[in-house]
Amino acid sequence: MSCQKQMISIEPPKYGDRTEVFYVSNYRCPVCNGIGAFMSDLHAGKPDICDHCDGTGKVKAKVTIEWTPDRD
Ligand SMILES: [Zn+2]
């Protein structure tokens, strides 16, 4: 069985905002297994669209990194 994993390497920026936002995309939806709907409902003639991926079969992660002073 295979799975998709990605690693993120982070580094504080020298200039600009302290908050970074980016997306990690193209993951198969784990709820509907990339189908976008559920098989039992497809057989009934009325597809039930997956709420997790909104029927796309894929999901993406919105990653927000906020850099703050380290006073610990
Ligand atoms: Zn889904």
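Every heavy atom of this structure was used, including side-chain atoms; hydrogens, water molecules and symmetry mates were not. In each ligand, atom 1 is the first atom listed, and ligand 1 is the first ligand listed. Not measured: the values here are computed from a predicted model.
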Above 12 or not: heavy atoms from other molecules or residues under 6.0 Å from CD of Glu11?
no

Closest non-hydrogen atoms of Tyr27 and Lys5, given as atom of the first, atom of the second and distance, are OH-C, 4.1 Å

Donor-acceptor contacts under 3.5 Å from residues 61-72 side chains, at least two apart:
unit_1 : atom_1 : unit_2 : atom_2 : d
Trp67  : NE1    : Glu20  : OE2    : 2.7
Asp70  : OD1    : Asp72  : N      : 3.2

With sequence neighbours excluded, what pairs up with Lys60 under the side chain to side chain donor-acceptor pair (under 3.5 Å) test?
none

Do you know how many protein N, O or S atoms are within a distance smaller than 2.8 Å of the Zn ion (ligand 1)?
4

Closest approach of Ala37 and Cys32, non-hydrogen atoms and distance?
O-CB, 3.9 Å

What residues form a side chain to side chain donor-acceptor pair (under 3.5 Å) with Asp51, not counting sequence neighbours?
none

